[in-house]
Engineer: 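Have a look at the structure that comes next, please.
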Amino acid sequence: MIRPHRGLQAATLGVGFAFLYIPILSLIVYSFNESKLVTVWTQFSLKWYAALADDDELIAAAWLSLRIGLMTAFASVVIGTWAGFVLARFGRFRGFTLFSGMINAPLVIPEVIQGISLLLLFVEMANLLGWPAGRGVLTIWIGHVMLCISYVAIIVQSRVRELNPQLEEAALDLGATPLKVFFTITLPLISQALMAGWLLSFTLSIDDLVLSAFLSGPGSTTLPLVVFSRVRLGLNPEMNALATLFISVVTVGVILANYFMQRAEKRRLLGVS
């Protein structure tokens, strides 16, 4: 079998990384540009970061997105962990196909369809039950949780299937209840999967535009909606500054999460050995 030369592999990999990261690097560089033209460099300046700090609309939208993202991440981890554990451990019970299909459906159904369906559902519920009274934070949160549960369930399901069942069986033989085994044995072993699901859910919620557009109302405009509405009118260097801040925060968060996850894994391996 003919294998590609290492130089060709390195060149292909370099082109791929350049295609992905050069636009991001250029965005970061031009966030420090003094000119209003986002593609013309004049001189170094922090004016757009100062303008960003004085932009009340963007700050309010960022705090709203952050709050919804945190609520979505915690709720998705709780519900998704339960769903993934059921799929991994309960075997093929009656209704398994329907349950599995409902969990995986948001992964394959376009977000536009999900947004329209939820919008029609909330409108009909408001007409029949008087709830929800209007679209806002609650409706956005429900939509985001519905989307993120599927990702958490798949991550947890794959991790639970990799566990050694003898550890849990030993705890049961020693007199521990199934609930205690779950919280003292199973959860620590799948903690990395829970952290990964939490981070993924938080990222999806912060970044979501389509569902938020259908489920938002007056006074509940998330950050992606504000950014999208402004970018449609033309590129603004202030958006470069905002993107740079998000990139910095996400990078630091990923580094810290990987550090703590690796440290926890080392402690677990040392404890097992």
Side-chain angles (χ1 to χ4, degrees), residues 24 27 52-53 55-80 83 102-127 129-155 196-236 238-250 253-254:
I24 297 177
L27 180 147
L52 185 63
D55 196 326
D56 295 335
E57 183 185 20
L58 272 179
I59 293 176
W63 280 116
L64 177 63
S65 294
L66 180 62
R67 184 174 58 172
I68 294 176
L70 290 173
M71 294 191 310
T72 299
F74 284 111
S76 299
V77 166
V78 172
I79 304 175
M102 293 177 63
I103 292 297
N104 296 321
L107 297 175
V108 296
I109 298 178
E111 281 194 55
V112 174
I113 305 300
Q114 297 180 45
I116 294 175
S117 301
L118 286 174
L119 175 61
L120 296 177
L121 173 64
F122 289 138
V123 170
E124 192 64 25
M125 289 177 61
N127 293 334
L129 307 176
W131 182 90
R135 296 186 299 277
V137 175
L138 179 61
T139 54
I140 297 175
W141 175 68
I142 293 175
H144 287 187
V145 171
M146 181 198 72
L147 174 65
C148 296
I149 284 175
S150 302
Y151 293 92
V152 177
I154 289 177
I155 295 173
W198 192 97
L199 291 173
L200 182 59
S201 300
F202 180 76
T203 303
L204 290 172
S205 177
I206 287 287
D207 185 59
D208 183 78
L209 174 65
V210 178
L211 285 178
S212 300
F214 283 101
L215 303 178
S216 63
S220 60
T221 305
T222 60
L223 185 61
L225 291 175
V226 174
V227 172
F228 180 71
S229 63
R230 293 192 182 185
V231 171
R232 290 177 61 189
L233 302 177
L235 296 177
N236 187 339
E238 192 176 336
M239 297 298 101
N240 291 347
L242 177 66
T244 301
L245 290 177
F246 266 91
I247 293 172
S248 302
V249 171
V250 170
V254 170

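What you see below is based on every heavy atom in this structure, not just the backbone, and it leaves out hydrogens, waters and symmetry mates.
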Engineer: Please name the pair of heavy atoms, one in S76 and one in V145, separated by the smallest distance, quoted to 0.1 Å.
Structural biologist: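 For S76 versus V145, the nearest heavy atoms are OG-CA, 3.8 Å.
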Engineer: Which residues pass the ring pair (Phe, Tyr, Trp, His ring centres under 6.0 Å) test with W141, not counting sequence neighbours?
Structural biologist: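 Applying ring pair (Phe, Tyr, Trp, His ring centres under 6.0 Å) to W141 gives none.
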Engineer: Check whether S229 reaches the backbone of V226 with its side chain - one donor and one acceptor, N or O, closer than 3.5 Å.
Structural biologist: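 Between the backbone of V226 and the side chain of S229 there is a qualifying donor-acceptor contact (under 3.5 Å).
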Engineer: What is the distance from atom CD1 of I142 to atom CG of L121, rounded to the nearest 0.5 Å?
Structural biologist: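 Reported value, rounded in 0.5 Å steps: 8.5 Å.
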Engineer: Could you measure the distance from the CD1 atom of I140 to the CG atom of L211? Nearest 0.5 Å is fine.
Structural biologist: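 I140 CD1 to L211 CG: 9.5 Å, rounded to 0.5 Å.
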Engineer: Cut-off 3.5 Å, no hydrogens considered: what does the side-chain donor-acceptor table look like for residues 239-250, sequence neighbours left out?
Structural biologist:
{"residue": "T244", "atom": "OG1", "partner": "S31", "partner atom": "OG", "Å": "3.2"}
{"residue": "T244", "atom": "OG1", "partner": "N240", "partner atom": "O", "Å": "2.8"}
{"residue": "S248", "atom": "OG", "partner": "T244", "partner atom": "O", "Å": "2.9"}

Engineer: Applying side-chain hydrogen bond (donor to acceptor under 3.5 Å, both in side chains), which residue pairs with at least one partner in residues 109-125 are found, sequence neighbours left out?
Structural biologist: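 Counting only pairs at least two positions apart or across chains, no side-chain hydrogen bond (donor to acceptor under 3.5 Å, both in side chains) contact touches residues 109-125.
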Engineer: For residues 209-223, which residue pairs qualify under side-chain hydrogen bond (donor to acceptor under 3.5 Å, both in side chains), counting only residues two or more places apart or in two chains?
Structural biologist: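 Found H144-S212, D208-S212.
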Engineer: How many angstroms lie between CZ in F74 and CD1 in I79, if you round to the nearest 0.5 Å?
Structural biologist: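 That separation rounds to 14.0 Å.
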Engineer: In Å, rounded to the nearest 0.5 Å, how long is the span from CG of L27 to CD1 of I24?
Structural biologist: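 Going from the CG atom of L27 to the CD1 atom of I24 covers 8.0 Å.
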Engineer: Might you confirm whether atom CE of M102 has over 12 heavy atoms from other residues, nucleotides or ligands at distances under 6.0 Å?
Structural biologist: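 No, not enclosed.
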Engineer: Of the non-hydrogen atoms in A126 and P132, which two are nearest, and what is the gap between them?
Structural biologist: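 Between these two residues, the closest heavy atoms are CB-O, 3.2 Å.
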Engineer: Assess the residue pair L118 and F214 against the criterion (side-chain contact (heavy atoms from CB on, under 4.5 Å)); give the C-alpha distance rounded to whole Å, side-chain angles, the decisive distance to 0.1 Å, and a yes or no.
Structural biologist: CA-CA 8 Å; L118 286 174; F214 283 101; over 6 Å; no
Engineer: Between CD1 of I109 and CE of M146, what distance do you get to the nearest 0.5 Å?
Structural biologist: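 Between atom CD1 of I109 and atom CE of M146 there are 7.5 Å.
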Engineer: Got a sec, which residues hit side chain to side chain contact (heavy atoms under 4.5 Å, CB included) with L204, two or more places apart in sequence or on another chain?
Structural biologist: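 Listed in chain order: C148, Y151, L200.
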Engineer: If the condition is side chain to side chain donor-acceptor pair (under 3.5 Å), which residues does N104 pass it with, not counting sequence neighbours?
Structural biologist: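 Partners of N104 by the side chain to side chain donor-acceptor pair (under 3.5 Å) criterion, ordered by chain and then number, come out as S100.
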Engineer: With side-chain hydrogen bond (donor to acceptor under 3.5 Å, both in side chains) as the rule and sequence neighbours excluded, what pairs involving residues 129-140 come up?
Structural biologist: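 Matches after skipping sequence neighbours: none remain.
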Engineer: For the atom pair CD1 (I149) and CD1 (I154), what is the distance rounded to the nearest 0.5 Å?
Structural biologist: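 Reported to 0.5 Å precision, the distance equals 12.0 Å.
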Engineer: Which residues pass the ring pair (Phe, Tyr, Trp, His ring centres under 6.0 Å) test with F228, not counting sequence neighbours?
Structural biologist: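 Partners of F228 by the ring pair (Phe, Tyr, Trp, His ring centres under 6.0 Å) criterion come out as none, since no residue qualifies.
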Engineer: Please set out all donor-acceptor pairs under 3.5 angstrom arising from side-chain atoms of residues 58-70, sequence neighbours excluded.
Structural biologist:
{"residue": "S65", "atom": "OG", "partner": "A61", "partner atom": "O", "Å": "3.1"}
{"residue": "S65", "atom": "OG", "partner": "L223", "partner atom": "N", "Å": "2.8"}

